[in-house]
Amino acid sequence: MTRAILQRVRTGHGGEPAAAGAGRSAVDVSVIVPLHDCRPYLDRCLTSLLVQRVDKEIIVVDDGSTDGGGELADLYAACHPGIVRVVHQEGSGGAGRPRNTGLSVARGRYVFFCDADDYLGPEALERMLAMAERNGSDIVLGKIVGHGRRAPVSMFQENAERVPLEDSAVYNSLSCFKLFRREMIERHGVRFDEKLTVGEDIVFTAHAYCHAEVISVVADYDCYHLVDRPDGTSIMQRKGSRDPISWMRMIRRPIELVAAHVQPGPLRDHLLRRHLRLDALAHLGRSFLEAGEIERKEIAAEVADLCERWLTDGVRERLPPVDRHRIAALEDIDRLVRLAHIESAAVRRELTGLRWDAGATALTVSGRVALDALGTAGRPELAVDGVTLVLRPRPDGEPPRADVVVPTAGDGGEITGTIDLTGLSSGVWDVHVAVECEGIVRTARLGADRDGTIARPEPRVVGGTIVLPYFTRPHGNLSIDVGGHVLTVPGTARLTRSHWAAGHRLALTGEVTVGRHRPVPAGPRAVRRLVWRDRHSGRELYTPVTAGPDGGFTARTAAGRTAAGTWDAYLELDLGGPPVRFRVEAAAELIAPARTWWRGTVRRTAKPYGTAGKGRLSMVVRAVPLRTLVRRMLR
């Protein structure tokens, strides 16, 4: 029976490419799957494609599989006629030819390429297609996540309806795992280079970027799952797949496409920078150290030739200092080796001291810093020329904030720096050390390696703003939360007196302090208001507060205007970040008694009390109509 099914599939669903699409209407997305000896992964891949909620076709191009993968694809085509199509061809040795074959028979308005050992998230095509339809996109990048393999991240920080190719990170991603408008692909003759077994998708995608008018990014959903094969049989896992010489010779083709289709200027410089930095100069790093003497000369010669042809002043300005140093040293192999040692060296840093200064407005940081070159044979001594502390703000919107650089003093690897906290804006700042060696700056987080006696400093209020130094979890690096954005602000609001005033107003007197072990009074500008929050509905009522310089506060709540319910009391403070709320603590003997009064024919009762256990101030308000009272009496 299986043989009969396969025969029917091959005659009806998997024959010659020219006949495969005859008489069929277009679909939204054609998913092209090159297949070569991936049978163990094919079920997961095709299942993930079949569940996509878009009008689609799945074109599996069997490129000479010998493990039964082609037969499995045929069974899928038999079970899903009109959706799964299979084309069988002789093995080509790479993914370029089967992808081109899939393009030649595709009918979709968009095409998406998925390798047979990878898979899609259930909503991937739906989200990417919706993005493309809203914006008329030519290319849509969907977030890629790696499973045992590295995945690009710089271009997936946030969704982007329309992202410019220039001055964005999208060109850093040159894999073909994207949604492409097929009309754009066909109009410009964009195809995979069938001569290449590695890098054929870079040629395709670079060419497509050159003609894309609208590029979009879906970053809030895991669209494409990039899988590492445990058996190491994929092309990119084979030894030598990233051979520096072969890679740089391959990369000339996409560079030539960029030069042919993009006019000289900032955009071309931006694209060429990516290739020179990531595809050429990167080979002068750790892999350069691992190469032999003859291979080092060959690598340097290839890099020099690429730079001679494509390094413009605009590209040079966009390169980091280490790459500019490398370009200047391309004829000096020994200098290139030393630069590679500096760039790949381990930044050894230990936090040895952390304390507030006498005025409690600055944090003094002490530590030990050094650079250790990797390897043993020929490992050079690397002398540190200078160390600074770098406070890097976490992204919190636009415009982005600049790093704050703090100089340090010391010698012999011992450094001390003082961070003036009055100059830091509200937000979370991560503390790094920046180590300079021969004009190259290496940066690393500080704090994970520290003396066991170092404790987290107490929070302090600096200029009306709460400052909370802390060690991150799980890595234990030093950060500073200015304003209480990620940490809970410690403090206490305590009732010292309460009584009933005219107008059924509950008068409260108390004091508020900030801190844990050494609390200090909150300043009068910090205290905002008293908040009563209904425990069941979440509704809030606000009472103005009068605050004094010693942390004292007074407030009068109009209980007569408070709706029936159970209300919990909070004191709200402004400490330079999100509003901070402390539950008002109250000893039972300090709480005013219940009060009852009539408003028309309604009897109202307000009963302040301290909650069980922690003794926090709450108030129960009841409103009972006269008829309800009478009914209760007559029962």
Side-chain angles (χ1 to χ4, degrees), residues 150 171-172 174 193 195-200 202-203 206 236 238-259 268-347 371-383 385 435-443:
R150 291 181 60 184
Y171 195 71
N172 286 346
L174 289 178
D193 190 331
K195 298 177 184 177
L196 299 174
T197 56
V198 173
E200 79 291 334
I202 294 179
V203 175
M236 291 307 298
R238 294 175 188 168
K239 186 177 180 180
S241 63
R242 290 265 184 179
D243 169 66
I245 305 299
S246 300
W247 188 269
M248 284 187 281
R249 290 173 181 170
M250 174 276 295
I251 212 64
R252 292 173 183 270
R253 176 60 177 150
I255 290 177
E256 290 167 354
L257 284 169
V258 168
R268 184 198 276 192
D269 289 339
H270 175 70
L271 303 183
L272 291 178
R273 169 196 174 274
R274 184 257 187 245
H275 289 297
L276 288 178
R277 185 181 179 214
L278 301 182
D279 298 316
L281 294 165
H283 293 298
L284 297 176
R286 183 172 298 188
S287 60
F288 194 71
L289 295 177
E290 298 170 353
E293 184 176 350
I294 295 176
E295 188 181 4
R296 285 176 180 172
K297 293 179 180 179
E298 293 176 345
I299 293 172
E302 287 289 339
V303 174
D305 186 61
L306 287 170
C307 289
E308 183 179 354
R309 295 190 62 188
W310 307 114
L311 181 66
T312 66
D313 290 341
V315 173
R316 187 188 299 272
E317 292 171 0
R318 288 168 166 80
L319 293 174
V322 64
D323 285 336
R324 294 199 288 269
H325 281 285
R326 285 169 172 158
I327 291 169
L330 283 173
E331 296 182 1
D332 186 346
I333 301 298
D334 291 339
R335 175 62 176 159
L336 289 176
V337 170
R338 187 166 180 83
L339 290 173
H341 274 298
I342 294 173
E343 189 208 13
S344 59
V347 181
L371 284 178
D372 285 350
L374 298 181
T376 54
R379 186 172 79 170
E381 291 291 332
L382 301 179
D385 298 326
V435 185
E436 184 175 356
C437 179
E438 300 182 24
I440 298 173
V441 177
R442 299 289 313 284
T443 304

Ion pair check, [X] and [Y], cut-off under 4.0 Å:
| X | Y | value |
| --- | --- | --- |
| Arg252 | Asp305 | yes |
| Glu438 | Arg338 | yes |
| Arg316 | Asp269 | no |

Looking at [X] and [Y], would you say the former's side chain and the latter's main chain have a donor-acceptor pair under 3.5 Å?
| X | Y | value |
| --- | --- | --- |
| Arg273 | Arg318 | yes |
| Arg274 | His270 | no |
| Arg253 | Val203 | no |
| Arg286 | Ala340 | no |
| Arg268 | Ala259 | yes |

Which value, rounded to the nearest 0.5 Å, describes the distance between [X] atom [atom1] and [Y] atom [atom2]?
| X | Y | atom1 | atom2 | value |
| --- | --- | --- | --- | --- |
| Ile299 | Leu336 | CD1 | CG | 10.0 Å |
| Leu271 | Leu276 | CG | CG | 11.0 Å |
| Leu371 | Cys437 | CG | SG | 5.5 Å |
| His283 | Leu278 | NE2 | CG | 9.5 Å |
| Asp323 | Cys307 | CG | SG | 9.0 Å |
| Ser246 | Ile251 | OG | CD1 | 12.5 Å |

Side-chain heavy-atom pair Leu284, Leu330 within 4.5 angstrom cut-off | yes

Find out whether Arg277 and Pro320 are in side-chain contact, i.e. whether some heavy atom of one side chain is under 4.5 Å from a heavy atom of the other.
-> yes

Between Phe288 and His341, is the ring centre distance below 6.0 Å?
-> no

What residue among Leu319, Val303, Leu339 forms side-chain contact (heavy atoms from CB on, under 4.5 Å) with Arg326?
-> Leu339

Among Glu295, Glu302, Arg296, Arg249, find the one that has a side-chain contact (heavy atoms from CB on, under 4.5 Å) with Pro244.
-> Glu295

